[in-house]
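Submitted below is the structure of interest, expressed as structure tokens.
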Number of protein chains: 2
Amino acid sequence: MALQPASHQPASRHLANLLPLTPASAGDFAAFDKVGSVIIVKRGETLFYEGDAADCYFKVASGAVRSCKLLADGRRHIGAFFLAGDFIGINDEESHLFTAEAVSDTTLIRYSRRSFDNLLSEQPALGRCLLRMLCHGLTAAHEQMLLLGRKTAQEKLASFLLIMAERSGGGDAVVLPMTRADIGDYLGLTIETVSRAVSHLKSEGIIQLKSANEVVIRNRALLEAMAEGV
Amino acid sequence: MALQPASHQPASRHLANLLPLTPASAGDFAAFDKVGSVIIVKRGETLFYEGDAADCYFKVASGAVRSCKLLADGRRHIGAFFLAGDFIGINDEESHLFTAEAVSDTTLIRYSRRSFDNLLSEQPALGRCLLRMLCHGLTAAHEQMLLLGRKTAQEKLASFLLIMAERSGGGDAVVLPMTRADIGDYLGLTIETVSRAVSHLKSEGIIQLKSANEVVIRNRALLEAMAEGV
DNA sequence: CGCCGCATTGAAATTAGTCAATACTCGTGG
DNA sequence: CCACGAGTATTGACTAATTTCAATGCGGCG
């Protein structure tokens, strides 16, 4: 699907890990904003539940949202964190495939599925943009599977910090809006293991903690090497 | 994207786990067959490497293909097994995102990316079909992330057997064309752990082994319960 | 028959998880 | 302004699951 010349790929693999659906460029989906309405969800509140009728899609304006899936006995997995600009819930199914909850107070734009689909059929370019977004999501999902299946706790955390750094502008200062529990459920670890991995990176001087959820990357090269399993 | 009335969802979650891209119905992509050429790859041979220019897409006619990613020190992860009817390598990127190798002797249809794209722009319906396929792949990837991040070895194997049973017709007899090493790398386990999980299911009478890679499901209800973490 | 690749099984080592105690942060109310 | 409390994070000690290492078994093929 070389629908358009693909945007140049990120240099190192983990940087591709933008799990949620992000338009390639900011303006790509501007047309959608006209058919959406603004909603606000407070920290911890649920946007929709797994299995709910998927009659709306959402785009994050500010804040953060997590997608959750549960096993029968309550074990939780977070499939993605959605940050400003990310689309949530876009799929071909009748019902939502995960529960979406606000990580922090969040503002979203809600689109009715009907108007979304209408717009899509009117403007073929949007369909191609959507295809690109889905491809990107699939690529990121494969990267995340490698992480979950084969990386150690240290490597998982290193990868996570680099992903978050990349998604929040690419600088060395990273704000983590989610708790350690959220990070654990995203990486397939427990709270304690996440905390120990953070402490370890800190003691090695690879990162610095401004506070529990403000991290500064001090040695990016080493962090990247760790993330790749070197 | 309710592009078309979505096909009814599978009753239980793991059945949705058709990781590779499969057309919703057999005829959906028949148009593509006219622009493809047949190629044969022997067991163990490589179809393409991660990073290769993605100028071709493939569809499996018979046999099986695995997608692999490697970490720096050689740890391997298999992202998907592609069986008859599955499309391989479709993405928006310039280069392939994984290495594709034949699990067994395999016949494929190769499409040049150019003719694939041409066909796509000529027939909008194919684009919608492709969207559905990608959504399906994304759904399956999320399910696999839950498996990799939160399921035990037993639960992983139970899920895997049910996925394979579903993909090979839905009956209780399942042929596994891949080795234990492949299964391990797909589930984020070692060969030995896979083997022990198989032995355990066998000793419980939940499955029966005709040979090392021919399994018969004897107690599907229990296997499904295990897969869901009950 | 004997070799080779793959699978199984056992025992030891390691990683991450569990349980438990303590510390930090931030907001509220005295 | 400080004390208190709830929620979150850190740290330690112990446990359990999985991996690693090692040996044996099985099946097909020259």
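Below, chain A is the first sequence line, B the second, and so on; all start at residue 1. Predicted model, so just to flag it, every value in this text is computed and none were measured.
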Distance, rounded to the nearest Å, where B:Lys151 contributes NZ and C:dA16 contributes P:
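Rounded to whole Å, this separation is 21 Å.
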By nearest-nucleotide position on DNA chain D, the 5'-leaning member of A:Val198 and A:Arg150 is A:Val198
Distance below 4.0 Å between A:Thr193 side-chain N/O and C:dG17 OP1 or OP2
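Indeed, a polar side-chain atom of A:Thr193 lies that close.
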Mind checking if B:Thr152 touches a base, just sugar-phosphate, or nothing, with heavy atoms under 4.0 Å?
sugar-phosphate
Given atom CD of B:Glu192 and atom P of D:dA17, what is their separation to the nearest angstrom?
18 Å
Working for salt bridge (charged side-chain N to carboxylate O under 4.0 Å, His left out), residues B:Lys69 and A:Glu143:
CA-CA 9 Å; B:Lys69 278 171 170 280; A:Glu143 206 52 52; 2.8 Å; yes
Using the rule given for salt bridge (charged side-chain N to carboxylate O under 4.0 Å, His left out), can you reason through B:Asp182 versus B:Arg66, listing the C-alpha separation, both sets of side-chain angles and the distance that settles it, and then say yes or no?
CA-CA 8 Å; B:Asp182 287 337; B:Arg66 62 178 174 247; 3.1 Å; yes
Whole angstrom value for the distance that separates P of C:dA16 from CG of B:Leu189:
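Rounded to the whole Å, the gap is 14 Å.
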Expressed in angstrom and rounded to an integer, what is the separation of A:Asp185 atom CG from D:dA9 atom P?
12 Å
Heavy atoms only, 4.0 Å cut-off, all strands: where does B:Gly188 land among base, sugar-phosphate and nothing?
sugar-phosphate
So A:Ser199, base contact, sugar-phosphate only, or nothing? Heavy-atom distance under 4.0 Å.
sugar-phosphate
Step by step, work out the side-chain hydrogen bond (donor to acceptor under 3.5 Å, both in side chains) result for B:Ser211 and B:Glu214.
CA-CA 5 Å; B:Ser211 73; B:Glu214 291 174 282; 3.1 Å; yes
Just the rounded figure in Å: distance from C1' of D:dT18 to CZ of B:Arg196.
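My rounded result for the distance is 9 Å.
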For nucleotides 6-8 of chain D, tabulate all protein N/O to nucleotide N/O atom pairs closer than 3.5 Å, reporting atom names and distance.
from, atom 1, to, atom 2, distance (Å)
D:dT8, OP1, A:Arg43, NH2, 3.1

In this structure, how many angstroms lie between the P atom of C:dC26 and the CG atom of A:Asn213, rounded?
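Rounded to the whole Å, the gap is 9 Å.
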Base, sugar-phosphate alone, or nothing: which one does B:Ser195 contact when heavy atoms must sit under 4.0 Å apart?
base
Would you say A:Thr190 places a side-chain N or O within less than 4.0 Å of OP1 or OP2 belonging to C:dG17?
yes
Please determine whether salt bridge (charged side-chain N to carboxylate O under 4.0 Å, His left out) holds for the pair A:Arg76 and A:Asp185, giving the CA-CA distance in whole Å, both sets of side-chain angles, and the decisive distance to 0.1 Å.
CA-CA 6 Å; A:Arg76 185 177 76 148; A:Asp185 287 341; 2.5 Å; yes
